[in-house]
12 protein chains.
Amino acid sequence: MNAILVLHGPNLNLLGEREPEVYGRTTLAEIDDRLAALATELGVAVDCFQSNHEGELIDRIQAGRGRVGAIVVNAGGFTHTSVALRDALASADVPVVEVHLSNIHRREDFRHDSLVAGVSLGQICGFGPESYLLGLRAAATAMRGRSA
Amino acid sequence: MNAILVLHGPNLNLLGEREPEVYGRTTLAEIDDRLAALATELGVAVDCFQSNHEGELIDRIQAGRGRVGAIVVNAGGFTHTSVALRDALASADVPVVEVHLSNIHRREDFRHDSLVAGVSLGQICGFGPESYLLGLRAAATAMRGRSA
Amino acid sequence: MNAILVLHGPNLNLLGEREPEVYGRTTLAEIDDRLAALATELGVAVDCFQSNHEGELIDRIQAGRGRVGAIVVNAGGFTHTSVALRDALASADVPVVEVHLSNIHRREDFRHDSLVAGVSLGQICGFGPESYLLGLRAAATAMRGRSA
Amino acid sequence: MNAILVLHGPNLNLLGEREPEVYGRTTLAEIDDRLAALATELGVAVDCFQSNHEGELIDRIQAGRGRVGAIVVNAGGFTHTSVALRDALASADVPVVEVHLSNIHRREDFRHDSLVAGVSLGQICGFGPESYLLGLRAAATAMRGRSA
Amino acid sequence: MNAILVLHGPNLNLLGEREPEVYGRTTLAEIDDRLAALATELGVAVDCFQSNHEGELIDRIQAGRGRVGAIVVNAGGFTHTSVALRDALASADVPVVEVHLSNIHRREDFRHDSLVAGVSLGQICGFGPESYLLGLRAAATAMRGRSA
Amino acid sequence: MNAILVLHGPNLNLLGEREPEVYGRTTLAEIDDRLAALATELGVAVDCFQSNHEGELIDRIQAGRGRVGAIVVNAGGFTHTSVALRDALASADVPVVEVHLSNIHRREDFRHDSLVAGVSLGQICGFGPESYLLGLRAAATAMRGRSA
Amino acid sequence: MNAILVLHGPNLNLLGEREPEVYGRTTLAEIDDRLAALATELGVAVDCFQSNHEGELIDRIQAGRGRVGAIVVNAGGFTHTSVALRDALASADVPVVEVHLSNIHRREDFRHDSLVAGVSLGQICGFGPESYLLGLRAAATAMRGRSA
Amino acid sequence: MNAILVLHGPNLNLLGEREPEVYGRTTLAEIDDRLAALATELGVAVDCFQSNHEGELIDRIQAGRGRVGAIVVNAGGFTHTSVALRDALASADVPVVEVHLSNIHRREDFRHDSLVAGVSLGQICGFGPESYLLGLRAAATAMRGRSA
Amino acid sequence: MNAILVLHGPNLNLLGEREPEVYGRTTLAEIDDRLAALATELGVAVDCFQSNHEGELIDRIQAGRGRVGAIVVNAGGFTHTSVALRDALASADVPVVEVHLSNIHRREDFRHDSLVAGVSLGQICGFGPESYLLGLRAAATAMRGRSA
Amino acid sequence: MNAILVLHGPNLNLLGEREPEVYGRTTLAEIDDRLAALATELGVAVDCFQSNHEGELIDRIQAGRGRVGAIVVNAGGFTHTSVALRDALASADVPVVEVHLSNIHRREDFRHDSLVAGVSLGQICGFGPESYLLGLRAAATAMRGRSA
Amino acid sequence: MNAILVLHGPNLNLLGEREPEVYGRTTLAEIDDRLAALATELGVAVDCFQSNHEGELIDRIQAGRGRVGAIVVNAGGFTHTSVALRDALASADVPVVEVHLSNIHRREDFRHDSLVAGVSLGQICGFGPESYLLGLRAAATAMRGRSA
Amino acid sequence: MNAILVLHGPNLNLLGEREPEVYGRTTLAEIDDRLAALATELGVAVDCFQSNHEGELIDRIQAGRGRVGAIVVNAGGFTHTSVALRDALASADVPVVEVHLSNIHRREDFRHDSLVAGVSLGQICGFGPESYLLGLRAAATAMRGRSA
C-alpha cells in the first residue's frame, strides 16, 4: 500500500515540444526520472502512467485499488471536463494531490474550475515540472499520515 | 428487435465497493442478474454492457442499430458532459430510458443537468438498484407501444 | 402506517382532455383505478387526492402524519414554485416519490428545476400514466425498507 | 360559447384604495360596470370574477370549459409566480388576453417576466382601467375570429 | 397639439409579404387607412411615418416637438437595441404607446426586453393590426387626459 | 387601531414536531401565549392567525384594514415565492415586521431572498421563538411612532 | 465570560449627522448609553467599540477570546466585503448577533448579501437604534442558553 | 508536410442514416471520396480518419506531427466538451479549419460554443457535406501560405 | 433570380488600411474583383454593395426581393447588434451565407454572438478575403439547390 | 493633423430643452462656442459635428482620416449599442477621448457599459458641458504627445 | 470651506516605479506639486493625502467635514471593493470627483465597476497624471457652483 | 536580494486555536520555526510577518522592495477581496507563491476565486502547515531561477 500512482493526462506525452512557452522544455521522461529519484529519497514507490484516453486513466485508477496509497494527478484537459475521472478518483479512497505545470487560475476562464479539486486533498500549480515534485512530497506525507 | 440494451457508464463496475453510502452495496453483477430475471418475466431480451470508455459505449449503441428495440442507460459521469453520447443515443432512434442510482437533483450542482435527458423518453433516479428495474419496465412498455 | 398517499396537483383533474399531445388521453379516474389495482397486488393501501389549491394539498399532507407511510406526488405546476409544499413534504418524514407524466427536463426551462426533488427519495418522469405505477412500486419498496 | 370570462387576481378587490399612485382611484365595481357596458356595445356576454385564492381562479377557469369563448385576465401577483394558473389558462383552449393596470415592464425586476404571457394571445398593460376595456375589445375580436 | 404620431420601424413597409405566418397579411397601407378612419371617429389627427433608418425615426420624433400630442410606436427591431430611439421618445415629453403585431414575450429571448417600454405609458402586443387600433385609442385617451 | 396582527404562514402549525433540529421544540400555541403575555406588558392588543392557504392570509390582511396598526409576519415558504402576499402587505399601509425562526441567510439559496422584505420596516431572523417576541417589540414601537 | 461585545463598524461614529434620512438622528453615544442601561436591566456587562479600521475590529474580536460571551455587531460597509472580519467572528466561537440600522434588503443590491450572516446566530435590521437594543436582548438570551 | 488531415468525430460514421433531416443523406464514404477528388484538383494529399474515441483522435493528431501540414476537423459532439482535443490541436502547430455539417449557431444552446474555435484559423458550418469541401480549400490555401 | 447580393457592412470600405493586423491588406475593391471573377467561373451574377448605414443595407435587401437568389453578408459591427438587419434578411426569403474576415469566435466576447446567424444557412469566418470567395461558392450551391 | 474632431451623437441637438434635470440647460451651440474659445486658447483647431444617424457619424470619422489628430466623442445612446461606431473610432488610429454630460455609472444599468471605452484613451463623465471642455484639454495633450 | 481634499489610495505612493507601462513614470510628489500649482491658478486650496490603509482614508474624509469643500479621489484598489470608503464619501456631503490614472474600463473585469462612482459627481480616467489636474478643475467648478 | 518574505494574513495569528477542524492544531510560531529550519537547509533567508491589517501587509510588501527576492503569501480572507493587496504584490516585481492551509476550491463559493492568483507564479493549497514548506521550496527555486 505504499505505492504512489502518478497520472499524466492527455497531451502530456508531448511535454517539451508542445507550446514550450506555456509548459516549459522538460520532457515527460525527465519528469518521471526526477520523480523516481525523489521517491527513493522519500522512501516510497512511484508508478507513472500517461494516456490520452479518459477511459484508460479511469481503468488505471481502478486497477490500483488496494495497492496504491496515494495519487498525484495532472489530468490535463480532463481536469475541467471529466466527471467520470473525478468519480474514479473519489472511489479510490486514498489521498489525491492535484498538480498542474501552469497556473490554471491565470489562463482561459474554462481552465479556472477543476472538477478534480472537489475530490483532492490539495492543489499545486504553476511551478512547471517542480509542481510534480512538490506534489510527490505532499502525497508522501499524506500517505504516511493515513497509515500512521 | 425485441432486445433491450442496458448501458452502465464509468465506475459502475465498482458498484458495491465505491462510496456505498451514496450508491449502495449491491454489485453490478447482482443488478444484471435481477434485470435478467425481470426481463424473463416481462418477455423481453436484455443485453447489459459496462465500460469506462465513452467511445466504447458509443460503439455499442451504434452496433445495436436494427437489433435493439429500447435502451436503458445509466451514463454515470458522462450524463453531464458527453454530447457525443447524447448524439449516439439520439441516432439510435429507439426509446431511451435514463436511470440513476442516486437522486441527481439533490447532489452537486454539476450533476443536476443531464445531456441524456434531452434525448430520453423519461428519467428514473434515486431508487438505487431498483431504478434499473423500474427503467426496464418502462423500456419494455415503450418498446411494445412502438412495435404495436 | 402502510397507506401510501398519492397527491395530484393542479389541473390534473383535467387529464385526458387537457393538452392530450403532452399529457395523453387517460383520465385521472383511470389512473386512480390502475393505482388501486397495483396497490392490491403489492399489498399496500393507497389513498388518492387531487386539488387545485396549494393549501389543500399541504393540509392533506399534514393530516396524514402518523398514518401515511409514503407519498407519491405529482405536484403539477406547484413543482417549480411552491416552497410551502416542499416544506410540508419534508415535515411528513416519510419517503416521497416525485412523479410527472411528461419528461420535465425536455420542456420549458422553468419546468427543469423541481423544489420537490430536494425532499424526495427519487424522481420518475416521462412515462405518462405509467410514471404513477412505477412510482407506487418505488414507494412500496421504500416503505417496506423503512418498516423493516 | 360567446361569454368572455374576466379574471381579477389577488388584491384587485382593493382597487381604488390600495396604492392609488400606482393603480389609480377607480374601484373594481366601476371597472366591472364599464366592462358590462362595453360588452353590450360589442354584442358579447361578460362574466367577471375576483379572488385572492390561486386555486379558486383555476377552478373558475376549468368551470368555464365549453361555455367561455375567451378570457381576459389580470392575474396580479400570480402573473409572475403561478405555473399552475398558466397551465389552467393553456388548457382552457380559448384566446387569452393578458391585461395589467400598470406598465409591468417599468416596475420591479420581478414583475417584468410574466408566466401568463407564454399562453396568451397578447398583452395590454399600463393604461389603468382602460387596459381592461382594450383587452375586452381584443378578446371579442379574437373570439369572433375563432368562431368564424 | 392634437396630432398623434404613428411610427413604423424597420421592415414594417413589407407588411403583408414578409413572414405572414408571424405578422399577418394586412399591408401597412391598409393599417394606415384603418388608423385614419379610427382617428376621425375619435376626433384626433393622425400622422403615420415608416423608415428603415433609426436616424430618420429620431429626426421625425424631434420634428414633432410642440405639434404632436402623443406617439404610437412600433419600433420593430429597434425596440430591443436602440437607446438612441428611447432617448428621443423620452425627450418628446408626450405620452408614448408601444405596440407590436406579435406577442414579443413568446418569441426569441432577445425580443423579450424592450428599451422603448422604459419610456412608454403602456404596451400592447400580439393582436396583429388591431394592436395599432387599440394603441391609437389608448393614445387618444392619454392625450385628452393631459390636455384636460 | 392599536391591534397588532401576527401572521403565521404554511406549516407553522406543525411547530414543535416538524424538523425540530431546524425550528426548535416550542409549539405555535406556546408562542402565541408568550406573544399575548408580552403584548399585555407592552400595552398593545395582539391577534394571531395561522394558515396553510396563501389566499386566507391575504384575506386576513385585507380584513384588518383600518383596525390593525402593525403586522408581524412569518410567511414561511411564501416568503420567497408570493408576490400576491407582498402586494397585500404593501396595501395594508401599516408597519410590517418580518420574522423567521431560523436564519434564512444561512439556509438553501432559494431562502435567501425575501419578497416580504421589500415591503417591511425590518427583518428579525434566527432566534427561534424569540424572533416573534423581538418582532412584537419592534412592531409596538413602530405603531406608537406612527400614531404619535 | 458574561460580557457582550458590541462592535460598530466604519462611519457609525458619524451617526446622527451622516445621511439622517437613512440612519436617523440619534448619535452613537446615545445608543451606547441606551445599551448600557438595557444591559444593567438584563444583568449583563456590555463593552462597546467603534472603528473605521477593519484590522482594529478584528484585533478587538481576538482580544475578547475567553472573556466575551456574545457579540452584537453592526459591521457597516464591511458587512458586504470583509471575509477577514467574518473569519474573525467565526473564530470567536460565541453567539454573534448581526444588527443594522436600516433594512439592508431594501437598499442597493450590493448591500443585500452579508458575509457576517454566514457566521451569525441571527440578523436584526431596519429598526434604527432599536436594532441594537433588540440585538442585545437576543445576545443575552443566547449567551445564557450557552452557559446553561 | 503537404498532407491535410481530415478528422471526423463521434457518430459521423453514421452519416446518411442518422437524423437525415439535420445532417443530410450523404454517407461519410461519399464525403471522403469527394474530398479525395478535390484534393487531387488542389494538388494536396488528404488523409481522412473517423473515431468515436476522443483518445484516438488525439493520438492521430499527435502522430501527424511533422508530416501533416493542415487539419480540417469536424469534432462532432467533442466540439463543445473536449479541452483535451483542443489542446492536441493547439500543439499540432499547423493551421486548423473547423467544419460542421449543420449551422451550430442555430441549434441547442450547448452547441453554440466551440472549444475548437479557440485554436482554429476559421470556422465553416451549415453547408452539409460542402462544409468539408470549402474547409479543404481553406486549409490548402493556409498550408500554402505557411510554406511560402 | 440568379443574382447573388454581396453586402459589406460598416467600415469595410476601409479594408486594407484599417487595423491590417486583424483584417489584412487586401482592399474591398480587390475583393469585389475577385468575387466577380469567381462568379463568372460559377455562372452566377454578383452584385456588391457597401454602406456604413444600417438603413441603407436594409433598403438594399428589400430592393432585391424577387431579383436576388441568395445573399452573402458580412455585416461587420451590425452582426452583433442589429435585430432590424436580421429581420430584413429573414424576410428576403433566400439562402443567406454569413461571412467574416476574422474568426469572430476568438475575438472580444461581444463579437461571439451573431444575430445574423439565426437567419443564415451557414457561417464562414476567419479566412480573410477568402471567406467571401468560399461564401460565394456556398451561396451559388444553395441557390442552385433551391431553383432545382 | 492638428484638428480635433468633436462628435455629438443622437439627441444632443436638443440639449437645453431635453430632460434638463438630467442634461442641464446649456444648448449645443453654446457648448460648441465654448469649445471653440478653449481651442483657440490651447492652440488647436476644433471641428464639431452632430448627427442622429449612426452612419453619418461613422462617415465623418472616416472622412477625417489623415486630417484629424484626436477625437472627442459623446456618442449618446450609441455609446452602449454601436459596435460599428466603435470599430470606426478604432480604425481612426488617433487618440479618442470619451465624454458624457451625466455620470453614466449612476444611471440605468444599460448605460454602465460603454463600447466606446474599449477604444478610448480615457473617459470623462458627469460634469455637464464642462465634460467637453475637460475632454478637449485631454485630447489636446494627447495629440501633442503623439506628434512630439 | 474652500479647501479641496485630494486622496490617493493604496500603492499610489509607489507611482513612477510601480508598473510604469500601466501607470507612467511621474512620481506622486510631482503630481502633488502640479496640483498645488494649478490650485493657485484656480484660487483654491488643496490638501493631498496618501495611505495604504482604508481606515486612514476614511478617518481623513471624516476629519474634513465642515472644512473641505470638494474631494478628488483616486481610491486605487479600494475603488472596486470598499463599501466603507463609499459610505464615508457619501457622508462628506460635498462634490466628489473620481479620478484614475489608467482607463479602468479597458483593464481586468474586476476593475470595471466602481463603488466610488455611485457617490461621485463624475469620473475622469485614463489620462495619467493629467486625470488629477482635470479632476481638480472639475472639483473647483463644482465647489464654486455649490457656494454660489 | 536573497530574502524570502513570508506574509500571514488576518486571523492566522490564531492558528492552532481557531476552527482546528479546518485549519489544524499547529500554531503560527511553530510554522515560522519550521520555515526557518527549511530556509537554512535551502540556503535562503526568510522573514515572516503577520497582520490583521490590510494596510500593514501592503506597507510591508513595499518596504521589501529591492531587498526581498520572493514572496510566500497566505493572504487569508484578503485573498478573495483585496485588489489593493494584489496591486502591492504585482508592484513588488518578484516571484509570488500563494499558499493556503485548506483547499480553498472545496470550501464556500466566495473562497474559490483568488485575486492573489492573478499576480502569482503558482498556488499551493490544502496541505495544512506543509503548504508553507512546499511554498518556500517553490519560492527558493523561482528566486534562484531569476538571479541565475
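Just so it is clear, the values below take in all heavy atoms, side chains as well, and ignore hydrogens, waters and symmetry mates. Letters A, B, ... mirror the listed sequences (proteins, then strands); counts begin at 1.
Within a 6.0 Å sphere centred on CZ of F/Arg25, heavy atoms belonging to other residues, nucleotides or ligands number 12 at most.
Residues of residues 31-52 of chain F lying within less than 4.5 angstrom of chain C, judged on heavy atoms, are F/Asn52 in numerical order. When the heavy atoms of residues 72-79 of chain F are compared with those of chain C, the residues falling under 4.5 Å are F/Gly77, F/Phe78, listed by number. Using a 4.5 Å cut-off between non-hydrogen atoms, the part of residues 9-17 of chain F that approaches chain C consists of F/Pro10, F/Asn11, F/Asn13, F/Leu14, F/Glu17. Identified by a heavy-atom distance below 4.5 Å to chain C, contributing residues of residues 114-128 of chain F are lacking entirely.
The CZ atom of C/Arg60 sits 8.0 Å away from atom CG of C/Leu7, with the distance rounded to the nearest 0.5 Å. How far NE2 of C/His105 is from CG of C/Asp113: 9.0 Å, rounded to the nearest 0.5 Å. Rounding to the nearest 0.5 Å gives a distance of 8.5 Å between CG of F/Leu136 and CE of F/Met143.
Counting only distance, with no hydrogens or angles, the side chain of F/Arg111 and the backbone of C/Val83 share no donor-acceptor pair below 3.5 Å.
The two residues C/Ile61 and C/Ala92 have their closest heavy-atom pair at CG2-CB, 4.0 Å. Taking both residues in full, the closest heavy atoms of C/Pro95 and C/Gly69 are given as CD-O, 3.4 Å, listed atom of the first, atom of the second, then distance. Closest of all the heavy-atom pairs between F/Ala88 and F/Ser91 is O-OG, 2.9 Å.
For the 3.5 Å distance criterion, the side chains of F/His53 and C/Asp59 qualify, holding a donor opposite an acceptor.
At a threshold of 4.0 Å, the pair C/Arg86-F/Glu108 counts as salt-bridged, since one of the basic side-chain nitrogens sits closer than that to a carboxylate oxygen.
Between C/Asp109 and C/His112, some side-chain heavy-atom pair lies under the 4.5 Å cut-off. Between F/Gln62 and F/Ile58, the closest side-chain pair of non-hydrogen atoms falls below 4.5 Å.
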Subject >> Pair F/Val68-F/Leu5, side-chain contact (heavy atoms from CB on, under 4.5 Å): steps then yes or no >> reply: CA-CA 6 Å; F/Val68 161; F/Leu5 177 61; 3.8 Å; yes
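Using the six-membered ring where Trp is involved, F/His80 and F/Phe110 have ring planes that are perpendicular, over 60° apart on the 30 and 60° scheme.
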